[in-house]
Structures are given as structure tokens and as C-alpha cells.
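Some notes on the structure that comes next.
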Amino acid sequence: MIRRRKWEGTTLSYDDDEQPDTDPAVRLREEWLAASIEDGWADAAEWHQPEVDALIAAVLAGADPLPAAGALAGQRCIFGVTLDETLADLAAFVRLAPQLGGPLPFGIARAAAAAWYRASVDPQVVQPCRDAMTGLATETHLVVRAAEIYQEFAATGGDPRSAYELLVLGWDPHQGSSAQIGVQIRLAGLFQRSFVAGQTIAQVGQAAIVVLSRRDLASPEAMAALDAGLDDAMAGGARTRLTRWPFPGSVDGLTDLLVSLHGSADREVAARWRDAAN
């Protein structure tokens, strides 16, 4: 018998002579979809993918959910779902899963966010090297450039962390779109004028810039001069200090660090990501 389901607002209802499927996996999938829609998922027709069923099967079988959560997050990214929407969708699942329950665990959030981010910068999925608006390098280009450095040091010996570092600036993205665009353009110009020795200057998300530089090319004097121009470029907006971050030891560590800057003004959250990657 074909089950007849219909959406009434954000509620999944059944005709009077129908009952919800008794299969635990099907029931959990339907409850998860309903919860995600209540939390803001935009299109119910686009929600179900094979990775959804794989995550449900893993949890119901008592298996490690991290690989399946990562696979789902990567798929969501490829289909244009934002990181915030992806994590909200997973949080809805965790609340309902009988073996989990409660808030989204940091381990699942980290696995999902890292997989989502890797999909977003995969050269086979995303090709551009330059951000069209600011002219800065894209995150894809930054990750590719870092991967080349790791390959170089793997072939020649030594530790890339002794030769390279990251210079990071983040700011509050929660302002009007026109003001945000102005901030991005002014900051891009300031960084391009300040780093002229072949450093990779990348726009990360909507509210961070990361510079990949050799340590000997970013003097304290240059950093101070750049910092002095930041207030004018920000036009009074809230920002972090321009800070030096250690160069991660691997591409995985780099993507973890970049995730911490992606769409979040919460510096405590960013610190957790940095600590987890070190």
C-alpha cells in the first residue's frame, strides 16, 4: 500500500487510514526531515540523499558516526548548502537519534565542518584562483599553495612550520551588506599594498583574511604599519588584532584552522578549532 504523506506548514501529517512506517530507519529519517524543516531547512524535496540513509544506518548499528557525518556534509556543500545549514541539519538528527540525543557533539561538528570545507575548496569542484570582488586569492588557491609547500618539505626534509606562518585578521560580519562589501574591498587593498613579496593573501569566508608568508618576509615593522591602517579600513567595525598563527603541520590542520574563521565571529569557538588542530 502506498503511504500518502503531506506537509501542512512545517508538520508532516498522514491521511486518516495511514500510519507512520514502523521501520526504525524510515521513522527516524522522517522525524529528522520534519525537525530540519522546523529549524529552517528551505526545500524538503532536496533534503534526502543516500548519505542521509548511510548516517542513520551507522548510528542505528552503533558504528562510528563521524565518517558518515563527514560524507553527508561534503555532499551538502557540493549541492550548495551552507555550513550553518549543514550543522543545523546534523544537530536536528542528533537530537532525535536514540543512541545520541542532546546537543551536537563537537566531534561530529568538527568532522562535518572539515568535510564541508574540504569539498568547498576541492579543485575538482571549485576552480577559481581569485575572488572576483576583492582580487584576493580564494581559499582553494590558499589550500593548493599550502599543499605545494608540504610536498616540497616532504621531498627535501625539514619542517615547513619553521619557515612559514599565517597572518590572520577576522572581523564582525554582522552588518549591512553594502557596508560589509566596502570593508572587504578596503581591507583587500590595504593587504595588497602591505604584502608585496609573493605572499598568498586569501579571502576566507566573508569576514577574514589569511596571509601565507615566509617568516622572514613579515617583519614586526611591516605588521605594525599594516595594523595602523586597519581602523580606517574597518570604518569603526569590530575586528580582531592582526595575529600570527603557526603554520599547520598538514593540509588537514590547515583546513581545521580555516574552518574556525568561516562565518563565525565567536572567538571562543575559533580558539577551540585552533586547539583541536594543533
Side-chain angles (χ1 to χ4, degrees), residues 83 117-118 120-123 126-153 160-173 175 179-235 237-251 253-265 267 270 273-274 277:
L83 178 57
Y117 187 83
R118 291 184 188 109
S120 77
V121 298
D122 184 347
V126 183
Q127 293 294 336
C129 292
R130 293 287 167 188
D131 178 74
M133 183 177 68
T134 64
L136 298 181
T138 62
E139 296 171 69
T140 299
H141 182 72
L142 176 65
V143 172
V144 170
R145 175 70 188 109
E148 293 171 344
I149 293 172
Y150 294 128
Q151 291 172 350
E152 174 190 349
F153 276 81
R161 292 173 292 187
S162 65
Y164 287 89
E165 66 181 344
L166 301 177
L167 311 172
V168 179
L169 176 74
W171 61 91
D172 184 357
Q175 52 184 301
Q180 172 75 352
I181 291 171
V183 166
Q184 288 179 292
I185 292 174
R186 289 192 299 272
L187 287 173
L190 177 61
F191 273 75
Q192 288 167 324
R193 293 189 299 272
S194 302
F195 295 101
V196 294
Q199 294 98 332
T200 299
I201 311 168
Q203 179 75 39
V204 175
Q206 298 299 310
I209 291 176
V210 175
V211 182
L212 171 56
S213 176
R214 290 189 61 90
R215 288 182 176 274
D216 56 359
L217 295 179
S219 68
E221 293 78 14
M223 292 280 287
L226 175 60
D227 199 60
L230 288 176
D231 286 339
D232 286 341
M234 289 294 306
R239 63 174 176 87
T240 63
R241 289 186 58 82
L242 181 65
T243 55
R244 296 177 183 267
W245 284 15
F247 190 58
S250 66
V251 170
L254 176 62
T255 57
D256 277 346
L257 293 178
L258 295 178
V259 163
S260 75
L261 297 168
H262 223 273
S264 175
R267 298 303 141 194
W273 283 95
R274 289 197 298 272

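- Two residues are said to be in side-chain contact when any heavy atoms from C-beta on lie closer than 4.5 Å; I209 and W171 meet this criterion.
- Considering all non-hydrogen atoms of both residues, A202 and T138 come closest at CB-O, 4.0 Å.
- Closest non-hydrogen pair, L257 versus P246, comes out as CD1-O, 4.3 Å.
- The CG atom of D232 sits 9.5 Å away from the CG atom of L190 when rounded to the nearest 0.5 Å.
- Among Q192, Q184, H141, the one residue that satisfies the side-chain contact (heavy atoms from CB on, under 4.5 Å) test with L136 is Q192.
- To the nearest 0.5 angstrom, D227 atom CG is 7.5 Å from M223 atom CE.
- In this structure Y150 satisfies the ring pair (Phe, Tyr, Trp, His ring centres under 6.0 Å) test together with F247, sequence neighbours excluded.
- The main-chain N or O of A218 is found under 3.5 Å from a side-chain atom of R244 such that the two form a donor-acceptor pair.
- Of all the heavy atoms in R215 and E165, the pair that sits closest is NH1-OE1, 3.6 Å.
- Between F191 and L167 there is no side-chain heavy-atom pair separated by less than 4.5 Å.
- In this structure, L166 and P248 have side chains that are in contact, with non-hydrogen atoms separated by less than 4.5 Å.
- By the 4.5 Å heavy-atom criterion applied to side chains, L226 and L169 are not counted as neighbours.
- Taking the side chain as every heavy atom from C-beta outward, L187 and T134 never approach each other to under 4.5 Å.
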